[in-house]
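One structure, as structure tokens, below. Some questions next.
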Protein chains: 2
Amino acid sequence: MSLRHAVLGLLTEGPASGYDLLKVFEASLANVWPATQSQLYGELGRLADAGLIEVVAEGPRGRKEYGLTEAGLAELRRWLIEVEPESFRRTDMLLRVFFLGVVSPEQAQAYLREQGAVAARGRESLEEIRSTVDKGDLENAPLAVYGRIALEWGLRFTAMQQEWAEWAARQVDRIGERHTAAAPGTDGSGQSRP
Amino acid sequence: MSLRHAVLGLLTEGPASGYDLLKVFEASLANVWPATQSQLYGELGRLADAGLIEVVAEGPRGRKEYGLTEAGLAELRRWLIEVEPESFRRTDMLLRVFFLGVVSPEQAQAYLREQGAVAARGRESLEEIRSTVDKGDLENAPLAVYGRIALEWGLRFTAMQQEWAEWAARQVDRIGERHTAAAPGTDGSGQSRP
DNA sequence: CTTGACATGTAAATCGTTACATGATTTG
DNA sequence: CAAATCATGTAACGATTTACATGTCAAG
């Protein structure tokens with residue numbers, strides 16, 4: 001139920017329409033909390049019904065600008081301070097690792113190396129954002145500081161993942177050395193545990 | 001749609017009932033891909049309908065043991081090799097960071113330090129698992145190797161998160177020094193951007 | 001006057017969680 | 001025989017994705 005709070009958070013920067021918010025979700029929040037158009041308009045309706053946001057202006061093409069209400073800001077603060085973040089991570093990438101024994105060591109290594117490369121590419125694009133952000137030094141404005149902190153998480157995460165993937169690929173080498181003959185192909189033949 | 005593949009993966013270790021699988025999900029897979037009982041039984045039914053698994057034995061209390069079919073193993077391999085993992089992470093914890101500007105620097109710091117502590121606790125419990133696993137040296141059996149690789153990810157991830165959170169809390173100190181008077185409480189008064 | 005950007009919404013399907021419901025078997 | 005464990009399922013609700021549907025305005 002955090003899309004709700006993401007919307008409230010974005011509206012602290014000033015009023016915006018669903019369309020505006022959608023662009024923010026696609027651009028800056030895409031890596032943290034993706035949202036689709038459907039979901040967003042639905043949530044805006046529900047937030048307005050709940051009195052957490054309200055229409056503050058109407059524009060051309062039926063444009064509705066929403067602004068945060070007092071209740072909305074209070075709810076955002078409550079969520080930030082009182083509600084514990086859910087810690088579990090459903091990671092597709094890691095789930096696969098558990099089952100890499102069913103493909104050949106070469107295929108497993110290819111998988112791990114690819115994950116390392118994906119992380120490296122991610123890190124590069126974040127580095128670019130960093131250099132842009134760090135240039136326009138905004139005198140420690142809170143937003144810049146917290147945005148920079150989130151960015152740093154991404155930088156460290158991708159670096160960690162890259163190093164881990166490379167390490168992991170090397171570990172698989174050590175199986176390869178012992179099981180060269182036993183490696184099953186993709187032919188769909190029998191199970192690993194007889 | 002990866003619960004499906006998690007189930008297929010677990011069944012490569014041998015036939016199991018829904019009840020058996022549920023325990024595995026709660027114990028070893030809980031941190032990577034949580035699943036509830038409802039979801040699991042539903043998925044088992046659908047997998048059986050699709051011919052990817054089949055009932056290989058029936059026990060007491062209506063127990064049904066499912067085993068992987070050839071088609072199921074082929075599907076698992078296809079998923080591992082051909083389907084790219086989805087990279088986006090919906091991280092509650094990080095979403096909040098973006099909005100920490102709406103609470104006081106002290107509260108923001110408390111939040112970040114708590115996240116560091118959570119990571120530290122997670123890391124400790126993984127370290128314990130590691131010491132257990134590393135003792136019973138299973139001669140590089142593929143399962144032990146890949147399980148160990150996944151565990152290593154957790155160790156590195158929690159270490160990274162702990163260090164990041166501590167770094168982040170120090171960054172907030174630097175705002176605190178400049179904005180000591182401007183910090184809003186939890187009283188729900190006005191917005192940061194008038 | 002056509003294209004592209006702006007702008008909002010609904011419908012159907014799938015996935016996930018919580019809670020409910022039921023009953024059989026083993027063990028002390 | 002009572003309690004714990006084994007064992008499977010359904011119902012209701014909320015979150016998410018994909019696709020559909022509609023219409024306005026500005027610029028070339």
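Values reported hereafter were calculated over all heavy atoms of this structure, with side chains retained and with hydrogens, waters and symmetry mates removed. None of these values were measured; they are calculated from a predicted model. The chains referred to below are lettered A, B, ... by the order of the sequence lines, with proteins before strands, and numbering in each begins at 1.
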Legend entry - Distance, rounded to the nearest Å, where A:Leu44 contributes CG and C:dT10 contributes C1':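 A:Leu44 atom CG is separated from C:dT10 atom C1' by 15 Å.
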Legend entry - Any A:Arg89 side-chain heavy atom under 4.5 Å of B:Thr91 side chain: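 With C-beta onward as the side chain, the pair stays apart.
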Inset, instruction - Classify the nucleic acid contact of B:Arg90 as base, sugar-phosphate or nothing, counting any heavy atom under 4.0 Å across all strands shown. - result: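 Sugar-phosphate, no base atom in range.
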Inset, instruction - Find the distance between OG1 (A:Thr36) and CG (A:Leu22) and round it off to the nearest 0.5 Å. - result: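 Atom-to-atom, A:Thr36:OG1 and A:Leu22:CG are 8.0 Å apart.
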Inset, instruction - Anything under 30° is parallel, anything over 60° is perpendicular, the rest tilted; go ahead and classify B:Trp164 against A:Trp153. - result: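 Perpendicular.
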Inset, instruction - Send over the distance from B:Arg46 CZ to D:dT10 C1', rounded to a whole Å. - result: 13 Å
Inset, instruction - Hey, which sits more toward the 5' end of DNA chain D by its nearest nucleotide, A:Met1 or A:Ser38? - result: A:Met1
Inset, instruction - Answer yes or no: is there a donor N or O on one side and an acceptor on the other, between the side chain of A:Arg96 and the main chain of B:Trp79, under 3.5 Å? - result: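 Yes, because the side chain of A:Arg96 sits within donor-acceptor range (under 3.5 Å) of the backbone of B:Trp79.
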Inset, instruction - Enumerate the residues from residues 47-59 of chain B whose closest heavy atom to DNA chain D is under 4.0 Å, giving them by residue number; use none for an empty result. - result: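 Result for residues 47-59 of chain B: none.
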Legend entry - Under 3.5 Å donor-acceptor, B:Asp20 side chain and B:Ser17 backbone: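 A pair under 3.5 Å: yes.
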Legend entry - Spacing between A:Tyr19 atom OH and C:dG4 atom P, to the nearest angstrom: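 That distance rounds to 14 Å.
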Inset, instruction - Apply the test side-chain contact (heavy atoms from CB on, under 4.5 Å) to residues B:Tyr66 and B:Lys64: give CA-CA distance (whole Å), side-chain angles for both, the deciding distance (0.1 Å), then the verdict. - result: CA-CA 6 Å; B:Tyr66 292 95; B:Lys64 282 182 277 187; 4.1 Å; yes
Inset, instruction - Respond yes when some side-chain nitrogen or oxygen of B:Gln39 is under 4.0 Å from OP1 or OP2 of C:dG16, and no when none is. - result: yes
Inset, instruction - Please determine if a side-chain N or O atom of A:Lys23 lies less than 4.0 Å away from the OP1 or OP2 oxygen of C:dA7. - result: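 For C:dA7, OP1/OP2 do not have a side-chain N/O of A:Lys23 under 4.0 Å.
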Legend entry - Nearest-angstrom distance from the residue atom CD of B:Glu86 to C1' of D:dT18: 13 Å
Inset, instruction - Between A:Ala35 and B:Tyr66, name the one whose nearest nucleotide on DNA chain D is closer to the 5' end. - result: B:Tyr66
Inset, instruction - Quickly work out the A:Leu22 CG to C:dT8 C1' distance and round it to whole Å. - result: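 Rounded to whole Å, this separation is 11 Å.
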Inset, instruction - May I ask you to verify if any side-chain N or O of A:Tyr41 is less than 4.0 angstrom from the OP1 or OP2 atom of C:dT8? - result: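 For C:dT8, OP1 or OP2 has a side-chain N or O of A:Tyr41 closer than 4.0 Å.
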Inset, instruction - Report, as a single string ordered 5' to 3', how protein heavy atoms within less than 4.0 Å touch nucleotides 22-28 of chain D: B base, S sugar-phosphate only, - not at all. - result: -BBB---
Inset, instruction - Answer yes or no: is there an ion pair linking A:Arg170 with A:Glu166, defined by an N-O contact shorter than 4.0 Å? - result: no
Legend entry - First of B:Gln37 and B:Glu43 reached from the 5' end of DNA chain C, by closest nucleotide: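 Its nearest nucleotide being more 5', the pick is B:Glu43.
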